[in-house]
Amino acid sequence: MKYFNYILIIIGAIVAVYAKYDTEQNEYILMGGIVILMLGIYRISRSIPSKHDREEDTNNLENE
């Protein structure tokens, strides 16, 4: 499932660049590419723990 997020980012970037490449750019394709790109980034960032959570975990382990 992790690779699916990277694939979303790559596809979103390719679609966004493709929409920008044409002289008459299609805004809907560009927006769709950006949405796919941001969805992939969101899914990856959701799995990364925050710095605050990691500091609390290490403090709890040191106090035990």
Restricting to side chain to side chain contact (heavy atoms under 4.5 Å, CB included), what partner residues turn up for I10, sequence neighbours left out? I14
Name all residues meeting the side chain to side chain contact (heavy atoms under 4.5 Å, CB included) criterion together with L30; count only those two or more places apart in sequence or in a different chain, and write none if there are none. A16, A19, Q25, I34
Return each pair, listed once, that meets side-chain hydrogen bond (donor to acceptor under 3.5 Å, both in side chains) where at least one residue sits in residues 34-44; pairs must be two or more places apart or across chains. N5-R43
Cluster membership besides V35, Ile/Leu/Val/Met/Phe/Trp/Tyr side chains within less than 4.5 angstrom, sorted by chain and number, is none
Can you hop from F4 to L39 via hydrophobic side chains spaced under 4.5 Å? yes
If you take all heavy atoms of I44 and I9, which pair is closest and at what distance? CD1-CD1, 3.5 Å
Taking atom CD1 of I48 and atom CZ of R46, what is their separation to the nearest 0.5 Å? 12.0 Å
Evaluate the side-chain contact (heavy atoms from CB on, under 4.5 Å) criterion for residues V15 and I29: first the C-alpha distance (whole Å), next the side-chain angles of each, then the deciding distance (0.1 Å), finally the verdict. CA-CA 7 Å; V15 169; I29 294 176; 3.7 Å; yes
Determine whether more than 12 heavy atoms belonging to other residues, nucleotides or ligands lie under 6.0 Å from atom CE of M38. no
